[in-house]
Amino acid sequence: MKIDVDKILAGDEKTVAKAISLVENSRGEAFDLLRELYLKTNLAYLLGVTGPPGGGKSTLVEKIVSRWVDSGEKVAVIAIDPSSEFSGGALLGDRIRMGKIATHPDVFIRSMATRGYLGGLNPAIFDTVLVLSAAGYERIVIETVGVGQNEIDIVSLADTTLVVTVPEAGDEIQSFKAGLMEAGDLFVLNKSDHATAHKMELILKQMIDLARSDDSGWKIPLIKTIATEEDGIGDLIEEIAAHKNYLEVSNLELDNKKKVMKNHLIHLLEEGLRNKYIEPLLKDKDFDHSVDEVIERKKDPYTQVSEWLSDFGEGV
Amino acid sequence: MSENIKVLIAKPGLDGHDRGAKVIARGLKEAGMEVVYTGLRQTTEQIVRAAVQEDVDVIGLSILSGAHSHLFPEIMKKLKDNGKDDVLVIAGGIIPDDDHAELKDLGIKGIFKPGTPINEIVEFIHQELDVA
């Protein structure tokens, strides 16, 4: 499929959508396009939004995006939902809560499934961000569900990471501890009119205080919202702006970009190595034979792998 | 055609029941498709915009209100206006037999009545998109 770069740069929605499909479905074919776009593009400001299911993330995203476009920004949303491990299919339902912004001319929403990407989801997300940035979206929101490693990896792309919790999320919060609590730049306690909100607020405040051991100078705020009532949204917008500003005045923005790019390069390298070396090996009829040999203890796995690696070495 | 078939399940107009749409969405997901569901009471503009931005291969319209003869032509026209007429459009819900010919003339390829086994719809999509 030939994609017209000029049409992407002009923000043509259909072309942008096709380009994202290419990035998702035929990564190898997308590289020519991405090469050209990268040199012409400043990457957008990225807000990552994550937290347990049913916390109101999509509703909050709608409110945030709505305020941003009202103040003249072009905004894109990448809404990520998990793929089924069994069927490979996915149910992508984030648009249900985004009806009001869905027809705004300055908003582009794309739902993506996590799939079983080789080398992880990140390269495809980064490249989608690149396409959307090239198309003129100045701010991009990435919404992911859950608290797993996949989500932490995705939010690591973001300039600002928002963790959305709810009063009922008691047990999930426990599992947050190691990962997301460290990733969050801002915390939202949504549905804060619920009876147990006060208790959760105390727990969160304690966890936030312990979350980051660095002395980065950013004090992680906890913002209470009732997204469906627009309650607390103004505060949230201000705190996001404050973090964006903080990144700009400190050197962290550059640090973050460097970290993201380093990861992206590693991911692309892994993806390339896997496609070039590992995939053909898995398809080779000798592969099963090698597995059998190892099981039968005719060979040990370490010798087997080092043989493969030296074969790869000759191919380079 | 990619191996990941992407489908938009949409409910145009004002009817407030989406059990059927959700069953179909779930069924297609279990058949390995990526299904975007946009919820109740969608305007034709919302549906077409979602189809364009999500770059779906298939649109499934679910309607129970009887407004299909009004809303479907509008959707098909807007798809064409937006250059998104390369998409397979199918429909389901309460659509009287007498109306089927008229809707098929609009370019709606398949109309599925209540009680249709999901597999029949999956096979239809595979056939139309020419995937095994």
Side-chain angles (χ1 to χ4, degrees), chain A residues 1 3 7 11-27 29-30 58 76-105 107-117 124 128 131-132 135 137, chain B residues 1-12 18 21-60 78-87 118-119 122 125-126 129 131:
Chain A
M1 191 181 357
I3 304 265
K7 278 191 170 176
D12 179 69
E13 274 196 359
K14 198 190 165 202
T15 312
V16 171
K18 291 273 177 210
I20 296 172
S21 298
L22 196 67
V23 161
E24 274 192 291
N25 298 326
S26 337
R27 298 199 38 74
E29 287 172 47
S58 300
V77 178
I78 305 172
I80 301 162
D81 277 320
S83 295
S84 157
E85 300 236 352
F86 300 104
S87 69
L91 208 49
L92 311 169
D94 294 303
R95 274 181 176 266
I96 296 172
R97 309 281 177 230
M98 299 184 192
K100 280 182 199 137
I101 53 170
T103 51
H104 195 288
V107 176
F108 189 104
I109 304 171
R110 179 70 172 223
S111 314
M112 284 174 84
T114 51
R115 295 191 187 168
Y117 281 98
T128 301
V131 171
L132 289 166
Y137 294 95
Chain B
M1 190 63 233
S2 66
E3 57 186 289
N4 294 83
I5 297 172
K6 197 165 179 185
V7 185
L8 172 68
I9 296 292
K11 285 205 56 82
D18 64 351
K22 282 175 174 163
V23 169
I24 299 296
R26 179 81 187 252
L28 296 181
K29 173 202 159 192
E30 273 160 22
M33 301 183 195
E34 292 179 352
V35 184
V36 179
Y37 178 54
T38 46
L40 290 167
R41 290 183 282 275
Q42 298 287 293
T43 64
T44 56
E45 194 194 356
Q46 280 173 319
I47 293 168
V48 172
R49 197 97 188 282
V52 170
Q53 292 182 345
E54 300 287 353
D55 192 27
V56 293
D57 308 299
V58 184
I59 302 175
K78 285 183 181 163
L79 283 172
K80 199 162 185 224
D81 292 347
N82 285 277
K84 188 63 193 171
D85 41 2
D86 56 344
V87 65
I118 300 271
N119 278 343
V122 171
I125 291 173
H126 283 171
L129 297 183
V131 287

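Numbered from 1 within each chain, the chains take letters A, B, ... in sequence-line order.
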> With a 4.5 Å heavy-atom cut-off, do A:Met98 and A:Ile101 have their side chains touching?
Replying inline: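 Yes, at least one pair of side-chain atoms sits under 4.5 Å.
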
> Which residue out of A:Ser84, A:Ala17, A:Ser83, A:Ala90 racks up the most heavy-atom pairs below 4.5 Å with chain B?
Replying inline: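 Highest number of pairs under 4.5 Å: A:Ala90.
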
>> For the interface with chain B, which of A:Asp81, A:Val16, A:Leu92 has the highest count of heavy-atom pairs at distances below 4.5 Å?
In response: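 Ranked by heavy-atom pairs under 4.5 Å with chain B, first place is A:Leu92.
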
> Non-hydrogen atoms of chain B under 4.5 Å away: do they reach the side chain of A:Val107, the backbone, both or neither?
Replying inline: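 Contact with chain B: backbone only.
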
>> What I want to find out is whether B:Asp55 reaches B:Lys84 closely enough, with some N-O distance under 4.0 Å, to be called a salt bridge.
In response: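 Answer for the salt bridge query: yes.
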
>> Less than 3.5 Å apart, any donor N or O on the side chain of A:Arg110 or A:Ser21 sitting next to an acceptor on the other?
In response: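 A:Arg110 vs A:Ser21: donor-acceptor pair found between side chains.
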
>> Checking A:Ser111 against B:Glu54: is there a side-chain donor and acceptor pair closer than 3.5 Å?
In response: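 Side chains of B:Glu54 and A:Ser111: pair found under 3.5 Å.
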
>> For a salt bridge (Lys or Arg N to Asp or Glu O under 4.0 Å) check, start with the C-alpha distance between B:Lys29 and B:Glu34, then their side-chain angles and the critical distance, and finish with the verdict.
In response: CA-CA 6 Å; B:Lys29 173 202 159 192; B:Glu34 292 179 352; over 6 Å; no

>> Can you tell me which portion of B:Asp86 sits under 4.5 Å from chain A's heavy atoms? Options are side chain, backbone, both or neither.
In response: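 Contact with chain A: side chain only.
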
> Under a 4.5 Å heavy-atom cutoff, which of B:Gln42, B:Glu45, B:Arg26 has the most pairs with chain A?
Replying inline: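 Greatest number of close heavy-atom pairs with chain A: B:Glu45.
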
